Trainee: 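Below is a structure I'd like to ask you about.
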Amino acid sequence: MKYHIWSLGCQMNMSDAERIATTLESINYTPASTEKEADLIVVVSCSVRQSAIDRIHGKIRNWNLRKTKEPLVTVLTGCVLDEDRLAFKKVFDLVFDIENLAQLPAMLADKTAEAEKEIENYFKIIPRYTSAFQAFVPIMTGCNNFCSYCAVPYVRGREYSRPHTEIIAEVRTLLKNGYKEITLLGQNVNSYGNDNPKEITFPELVQLVNDESDDFWLRYITSHPKDMSDELIKKFIQASKLTDYLHLPLQSGSNEILKKMNRHYIYEHYKKLIEKVRAEKPDIAISTDIIVGFPGETNEQFMHTVRAFEEIKYDMAYISQYSPRSGTAAAKLEDDVPKPEKKHREKVLTDILAKTALKHNKKYLDKEVTILADRYQKGVLFGRSGSFKLVAVKTEPRDLIGKFVKVKITDANAWALTGEMA
Ligand code: SAH
Ligand code: SF4
């Protein structure tokens, strides 16, 4: 029997998919090379944005058609809001909560999702890592922040911190197996340990991972500006393996909108954090998440986000058009910014980003950077720098994938760097 996993959404969902793979292989499923060849399709869903849900609905017809001709089992898990769950229950053979993954074999056998909640066991499943040199290591799940637009607290529950001993054990095994990049994952990594008085803090965890002796890069996502402590900023200087990259979601530059979003900080606080980080690490690359067209966002309020983009000068930004998520506080507000206006605001920000990103990227010209090579395509080697810049290198195929490679940068545009072997 063959399985295919279709993962939508963020790195957490990719990490879910790696654990689902191990679970299925423990009951003798093998990976299908294409979706068509699979007897079992597992969708790791993402209710955080409507676009992912729409993509799933788009596929269901096709799967139902297949079911009339051949045996096919479809399963849905991941981040699923109640409203989506109701609709999907009718069309999937099984819909289950990801924290009950350890019980998937039994649920598959009798097609019921009645299971005890057991997040501890979810973390004990050893993932079937997608890459042989880059790994996502979840350190916690859930979120307690209840940003007014966000589905995460509803679909992943409250914060649960994985015991640090387990995290370190997983990191150690990865490093022993030659992994070169470890990304610690959580919706709000800064509050790691807060749910358990005996647990260590996030800066302490970063230090512990950093102290592992091997030559590797350490990343983490995502930080919340309200919890970004001076201690964590200090770690950026002290922890030698933390790369020169910080992803710090701003969401909006307007204090009025931030308040409506329930973000618990003002723009001035955020700006100060960035200044502190840059004072210690002037070359650090900074990216963010933004939502445009939050309910009631006026043009004037949006202009505050424009100003923030001009002031902060981001390296990268992930800009989303607001979509209401059922059950969240913001869903009770009228989604009154018209779609074309959301699109326009997204474009305005993207245009500023293109300029600031280009300016940052030009600083790399004629310099040597180290990349972790991750693929070779049509005569070009690709990888990312520590600062998370995409780098393309023209070179003969060589055994470089999964290795740190020194590259001299010869060209730069807003979204990527080009170079030659140094
Ligand atoms: N935990 C992370 C991100 C979680 S969701 C954080 O706190 O930053 C990833 C991103 O999706 C968010 O940062 C936000 O920009 C976007 N997002 C979440 N809900 C959204 C919604 N209802 N509409 C549009 N974008 C949304
Ligand atoms: Fe969602 Fe806010 Fe939690 Fe991030 S911090 S997951 S945006 S509720």
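Note that this is a predicted model, so its numbers are computed, not measured. We number each residue from 1, following the sequence as shown. Counting convention: from 1, in listed order, for ligands and their atoms alike.
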Trainee: What protein N/O/S atoms are found closer than 2.8 Å to atom 3 (Fe) of ligand 2?
Mentor: C143 SG
Trainee: Any chance the side chains of Q134 and Y129 put a donor and an acceptor closer than 3.5 Å?
Mentor: no
Trainee: Salt bridge or not between E99 and R156? Use side-chain N to carboxylate O under 4.0 Å.
Mentor: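 No.
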Trainee: Quick one: does any side-chain atom of D289 pair with a main-chain N or O of L248 as donor and acceptor, under 3.5 Å?
Mentor: no
Trainee: Which distance, rounded to the nearest 0.5 Å, do you find between the CG of L94 and the OG1 of T77?
Mentor: 8.5 Å
Trainee: Calculate, to the nearest 0.5 Å, the distance between atoms CD and CG belonging to Q11 and D16 respectively.
Mentor: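 With rounding to 0.5 Å, CD (Q11) is 11.5 Å from CG (D16).
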Trainee: I need the single residue from F404, F133, F388 that forms a ring-ring contact (aromatic ring centres under 6.0 Å, His included) with W217. Which is it?
Mentor: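 Of all the options given, the one that passes is F404.
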Trainee: Distances under 3.5 Å, N/O of ligand 1 against N/O of the protein: list each pair and its distance.
Mentor:
| residue | atom | partner | partner atom | Å |
| --- | --- | --- | --- | --- |
| ligand 1 | 1 (N) | Q187 | O | 2.8 |
| ligand 1 | 1 (N) | Q187 | OE1 | 2.8 |
| ligand 1 | 11 (O) | R49 | NE | 3.4 |
| ligand 1 | 11 (O) | R49 | NH2 | 2.9 |
| ligand 1 | 13 (O) | Q251 | NE2 | 2.7 |
| ligand 1 | 13 (O) | D289 | OD2 | 2.6 |
| ligand 1 | 15 (O) | Q251 | OE1 | 2.8 |
| ligand 1 | 22 (N) | Y149 | O | 3.0 |
| ligand 1 | 22 (N) | S323 | O | 2.8 |
| ligand 1 | 23 (N) | S323 | N | 3.1 |

Trainee: Considering only protein heavy atoms, which is closest to atom 7 (S) of ligand 2, and at what distance to one decimal place?
Mentor: Y149 OH, 3.4 Å
Trainee: Keeping D97 on the side-chain end and N100 on the backbone end, is there a donor-acceptor pair under 3.5 Å?
Mentor: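 Between the backbone of N100 and the side chain of D97 there is no qualifying donor-acceptor contact (under 3.5 Å).
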Trainee: OH/Y245 to CZ/R384 distance, rounded to the nearest 0.5 angstrom?
Mentor: 8.0 Å
Trainee: Does a donor on one side chain and an acceptor on the other come within less than 3.5 Å for E170 and T173?
Mentor: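 T173 and E170 do not have a side-chain donor-acceptor pair below 3.5 Å.
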Trainee: Is there a heavy atom of R263 sitting under 4.0 angstrom from any atom of ligand 2?
Mentor: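 Yes, R263 has a heavy atom closer than 4.0 Å to ligand 2.
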Trainee: Can any side-chain N or O of N361 pair as donor or acceptor with the backbone N or O of N413 at less than 3.5 Å?
Mentor: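 Judged by distance alone, yes, a pair lies under 3.5 Å.
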